Structures are given as structure tokens and as C-alpha cells.
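Below you'll find the structure, written out as C-alpha cells, and then a few comments.
Values in this document were obtained by computation on a predicted structure and should not be read as measured data. Side chains included, hydrogens not; waters and symmetry mates left out as well; all remaining heavy atoms used. All residue numbers in this chain count up from 1 along the given sequence.
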Amino acid sequence: MPRRHDPGRRQRIIDAAIRVVGRAGIAGLSHRTVAAEADVPLGSTTYHFATLDDLLVAALRQANEGFAEVLAAHPALADPAADLPAALARVLGEWLAGDRTGVELEYELYLAALRRPALRPVAAEWADGVTALLSRRVDPVTGRAVVALLDGICLQVLLTGTPYDEEYARDVLGRVLGT
């Protein structure tokens, strides 16, 4: 049989992997489950992603785009007169109030780097990328501190089930940012 041209197949496989991890966690991810979810032959998943780590790297890269894209689009990063702590607290709140499954998925993939060294560079790319976005307004050391604080707030909200407190976030961000 002639090979079917399917330029979107690789992306469908990544999207399927994200759905599988969102539904069943990383433990539920396999080439077989992703192939079934993407409705592609099993060989397609291994053709595009030789290992599950390769697939997880692609999924993490795609998942990491969420918060960074929202942050990059925010006008407070370009306006030196804008209240940066308030803007960051608002953006974080909007992100956490969005699709909770998507936020949890991003953090599950991000934290998977603890056990999967192949994911560590991608997790670092996310932190470096957000730090670079923040460096439009603050120095790199402060930017890294803000990224660590945002990560901590997100993890506390996700792991404890406590509601996001925008006022608290604005206050502690202001302390770190010296405003």
C-alpha cells in the first residue's frame, strides 16, 4: 500500500499524549495508549517518538507554552509605569482559574523532570523563558526569584486545594519586586 501523506500526524500524537496524561497521568502514558487516542497506527508513535521520553519532551514543550504566552501578551511587561505585582497576580489568577486540567497537566509534566532527566532541559527552558519575559521589567536575578515564587504559589494552590488568593500573591510579589 502506498504511504498516506499525513503532515498533521506528529502534532495529533503530541495532542493525544497530552490528553492521555491529563486523563490518566504519566503512568498511563504508553505508545499504545497514545496511538489509540490519536487514532493512528502504533508504528506512527514510535516513528515520530522513539521513546516515551521523546514524546514527553514534545508534550512538555507544548504544555509549557500556556502560561508563557499569556504572560508575554500582557501589556504590563512593556509598560514601566504598570503595576507589575498586580498584573502578575492577575495573570496568575486567570491562568489558575482557566482549564484546571490543563494547569495540572503542565505541572505534572514539569515535575516529571525530577525523575526523567530528558525532561530537565525543557523544564529549565520554561523557567528561563519566563525569566526572560520578566527581564523586560526587572533584572535577571529578580526575574528568577519571581518565577520561583509563581511556581510556589501555583503548587500550593494545586496541591492543597486552597483557593487562589490574588491579594496575597500581589503582596508577596510586591515584596520580591521591591514595590
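The distance from atom CG of Leu56 to atom CD of Glu108, rounded to the nearest 0.5 Å, is 9.5 Å. Here Leu158 contributes atom CG and Ile153 contributes atom CD1; the two are 12.0 Å apart, rounded to the nearest 0.5 Å. Rounding to the nearest 0.5 Å places CZ of Arg12 at 10.0 Å from CZ of Arg19.
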| query | Run the side-chain contact (heavy atoms from CB on, under 4.5 Å) check on Leu173 and Leu149 step by step: do they pass? | reply | CA-CA 8 Å; Leu173 284 162; Leu149 178 57; 3.6 Å; yes
| said: Run the side-chain contact (heavy atoms from CB on, under 4.5 Å) test on Leu71 and Leu88 for me, step by step, so that the C-alpha distance in whole Å, both residues' side-chain angles and the decisive distance to 0.1 Å come before the verdict. | reply: CA-CA 8 Å; Leu71 186 59; Leu88 290 172; 3.4 Å; yes
| What's the verdict on side-chain contact (heavy atoms from CB on, under 4.5 Å) for Arg116 and Ile26, showing C-alpha distance, side-chain angles and the deciding distance? | CA-CA 11 Å; Arg116 294 178 180 261; Ile26 290 175; 3.9 Å; yes
| query | Step by step, would you call Val103 with Cys154 a side-chain contact (heavy atoms from CB on, under 4.5 Å)? | reply | CA-CA 9 Å; Val103 174; Cys154 286; 5.9 Å; no
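The two atoms that bring Ala89 and Arg170 nearest to each other are CB-N, 3.6 Å, heavy atoms only. Shortest non-hydrogen contact noted between Thr160 and Thr162 is OG1-OG1, 2.9 Å. In terms of heavy-atom proximity, Val20 sits nearest to Gly28 at CG1-O, 3.5 Å. Here the shortest heavy-atom pairing between Val122 and Arg61 reads CG1-CG, 3.6 Å. In this structure, Val176 and Thr142 approach most closely via the heavy-atom pair O-CG2, 4.0 Å. Residues Leu60 and Ala123 come closest through the heavy atom pair CD2-N, 4.1 Å.
Cluster annotation: Leu155 is connected to Trp95 through the hydrophobic network of ILVMFWY side chains, with a link wherever side-chain heavy atoms come within less than 4.5 Å. Neither Val34 nor Leu42 shares a network with the other; the hydrophobic side chains, linked directly or stepwise wherever heavy atoms of I, L, V, M, F, W or Y lie under 4.5 Å apart, form separate groups for each.
A donor-acceptor distance shorter than 3.5 angstrom exists from the side chain of Thr131 to the backbone of Ala127, with no hydrogens or angles considered.
Side-chain contact between Gln62 and Asp15 is present, with at least one heavy-atom pair separated by less than 4.5 Å. Between Val146 and Leu177 the shortest side-chain heavy-atom distance falls below 4.5 Å. Counting only heavy atoms from C-beta outward, the side chains of Arg144 and Asp128 approach each other to under 4.5 Å. For the pair Arg10 and Phe49, the minimum side-chain heavy-atom distance is below 4.5 Å. Between Leu92 and Leu150, some side-chain heavy-atom pair lies under the 4.5 Å cut-off.
A side chain to side chain donor-acceptor pair (under 3.5 Å) with His31 is found for exactly one of Thr45, Thr51, Thr46, namely Thr45.
Contact check on Asp171 versus Arg175 returns a salt bridge, with a Lys/Arg side-chain nitrogen under 4.0 Å from an Asp/Glu carboxylate oxygen.
Remark: Asp39 CG is loosely packed, at most 12 non-hydrogen atoms of other residues, nucleotides or ligands lying under 6.0 Å away.
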Tell me which donor-acceptor pairs under 3.5 Å the side chains of residues 73-84 have, and how far apart each pair is, sequence neighbours excluded?
| residue | atom | partner | partner atom | Å |
| --- | --- | --- | --- | --- |
| His74 | ND1 | Ala76 | N | 3.1 |
| Asp79 | OD1 | Ala81 | N | 2.9 |
| Asp83 | OD1 | Ala86 | N | 3.3 |

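Classified by interplanar angle (parallel below 30°, tilted 30° to 60°, perpendicular above 60°), the ring pair Trp126/Tyr110 is perpendicular.
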